[in-house]
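In what follows, chains are A, B, ... by sequence order, proteins preceding strands, each numbered from 1. Side chains included, hydrogens not; waters and symmetry mates left out as well; all remaining heavy atoms used.
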Protein chains: 2
Amino acid sequence: MTGPTNDRIAAMKADGFDLEDCPVRTILDHLAAKWTTLIVFELAEGSRRFNALGRSLPDISKRMLTQSLRELERDGLVRREVFDTKPPSVEYSLTEMGRSFLAPLETMTDWAVQSQADILRARAAFDGAATAS
Amino acid sequence: MTGPTNDRIAAMKADGFDLEDCPVRTILDHLAAKWTTLIVFELAEGSRRFNALGRSLPDISKRMLTQSLRELERDGLVRREVFDTKPPSVEYSLTEMGRSFLAPLETMTDWAVQSQADILRARAAFDGAATAS
DNA sequence: CGGGATCCCGCCAGATACTG
DNA sequence: CAGTATCTGGCGGGATCCCG
């Protein structure tokens with residue numbers, strides 16, 4: 001759907017806005033990356049080791065846990081500390097920025113929880129109308 | 001990473017919590033579905049017709065626009081009104097619930113905008129450390 | 001104008017096996 | 001313990017054509 005952009009988008013692009021590399025977009029993407037939310041909430045209760053996190057998040061594969069943690073670490077939301085014990089242990093915890101993310105995240109989830117019933121009702125109505133056709 | 005779940009998750013499951021069908025999860029998923037945010041913000045300024053929305057969102061395909069709008073309509077955030085003119089026109093607008101979603105959404109994007117510099121700095125440091133190895 | 005139907009490619013994530 | 005490496009199938013999503 002390429003074509004003439006409207007004034008607002010044009011102005012944003014002139015401001016250096018890049019749709020493909022917009023931090024807001026990537027944050028939102030990471031946020032919904034299926035596991036980040038749960039990881040952040042878990043780490044909000046204290047630092048956790050790799051396998052401890054895995055046990056708290058049933059059904060996540062080691063691979064996805066690693067990947068999600070790397071992403072969060074790269075964005076500066078999570079701190080990774082390696083301890084040279086044997087066997088070695090790694091502790092993950094929220095950084096200052098990570099904790100500052102809790103407020104907006106809770107605002108979102110609170111809305112979702114409060115709207116849950118309405119959403120399920122809307123879905124049922126929508127699906128019912130489709131089936132009834 | 002299947003295994004013994006911790007008490008909190010176990011309690012949630014006992015409460016009927018389903019990780020696969022959790023509304024909070026699906027909302028977060030839809031939210032980050034790459035276009036929903038922009039669509040909602042665009043509709044926040046007033047009702048729009050299908051192609052007008054497409055023009056405001058450069059680089060979105062008709063297919064994804066349709067799909068995103070259907071999802072939002074199904075969740076009750078967006079209202080779809082068909083007018084029997086010729087050629088036919090379809091107007092999309094936010095429902096009451098859709099407007100109530102603006103607040104949490106703005107909380108999230110505000111945080112992202114404010115943290116943008118820190119995130120980019122963290123990424124540069126992370127990538128730099130990786131390259132320097 | 002506002003979509004639906006179909007084809008098809010790329011990458012995402014699960015399973016499995018190996019390592020310091 | 002805390003990961004990496006590889007292979008593989010599924011499906012998300014672009015391109016294209018068609019329709020009322």
>> Looking at B:R74 and B:E71, is there a salt bridge between them, counting it only when a charged N and a carboxylate O are closer than 4.0 Å?
In response: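 Here B:E71 does not pair with B:R74 in a salt bridge, since their nearest N and O are not under 4.0 Å apart.
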
> Which is true for B:F83 with a 4.0 Å heavy-atom rule: it touches a base, it touches only sugar-phosphate, or it touches nothing?
Replying inline: nothing

Find the distance [X]:[atom1] to [N]:[atom2] and express it as a whole number of Å.
{"X": "B:E71", "N": "D:dG12", "atom1": "CD", "atom2": "P", "result": "10 Å"}
{"X": "B:F50", "N": "C:dG4", "atom1": "CZ", "atom2": "C1'", "result": "11 Å"}
{"X": "B:I60", "N": "D:dG12", "atom1": "CD1", "atom2": "C1'", "result": "14 Å"}
{"X": "B:N51", "N": "C:dG2", "atom1": "CG", "atom2": "P", "result": "5 Å"}
{"X": "A:L69", "N": "D:dA2", "atom1": "CG", "atom2": "C1'", "result": "11 Å"}
{"X": "B:D84", "N": "C:dC1", "atom1": "CG", "atom2": "P", "result": "17 Å"}
{"X": "A:L65", "N": "C:dA13", "atom1": "CG", "atom2": "P", "result": "13 Å"}
{"X": "A:W35", "N": "C:dC12", "atom1": "CH2", "atom2": "C1'", "result": "14 Å"}

Contact under 4.0 Å: [X] side-chain N or O vs [N] OP1/OP2:
{"X": "B:R49", "N": "C:dG2", "answer": "yes"}
{"X": "B:S89", "N": "C:dC1", "answer": "no"}
{"X": "A:Y92", "N": "D:dG3", "answer": "yes"}
{"X": "A:S61", "N": "C:dG14", "answer": "yes"}
{"X": "B:R55", "N": "C:dC1", "answer": "no"}
{"X": "B:Q67", "N": "D:dG12", "answer": "no"}
{"X": "A:R70", "N": "D:dT4", "answer": "yes"}

Between [atom1] of [X] and [atom2] of [Y], what distance do you get to the nearest 0.5 Å?
{"X": "A:R123", "Y": "B:D75", "atom1": "CZ", "atom2": "CG", "answer": "4.0 Å"}
{"X": "B:R70", "Y": "B:Q67", "atom1": "CZ", "atom2": "CD", "answer": "10.5 Å"}
{"X": "A:W35", "Y": "A:L38", "atom1": "CH2", "atom2": "CG", "answer": "6.5 Å"}
{"X": "B:F126", "Y": "A:R80", "atom1": "CZ", "atom2": "CZ", "answer": "8.5 Å"}

> Which atom names give the shortest non-hydrogen contact between B:M97 and A:S115, and what distance separates them?
Replying inline: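 Answer, listing the atom of B:M97 first, then A:S115: SD-CB, 4.2 Å.
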
> What pair of heavy atoms forms the shortest contact from A:V40 to A:L94, and how long is it?
Replying inline: O-CD1, 3.9 Å

> What nucleotide among C:dG2, D:dA2, C:dG14 has an atom nearest to a side-chain atom of A:M64?
Replying inline: C:dG14

Check nucleotides 16-20 of chain C for protein N or O atoms closer than 3.5 Å to its own N or O atoms and list the pairs.
none

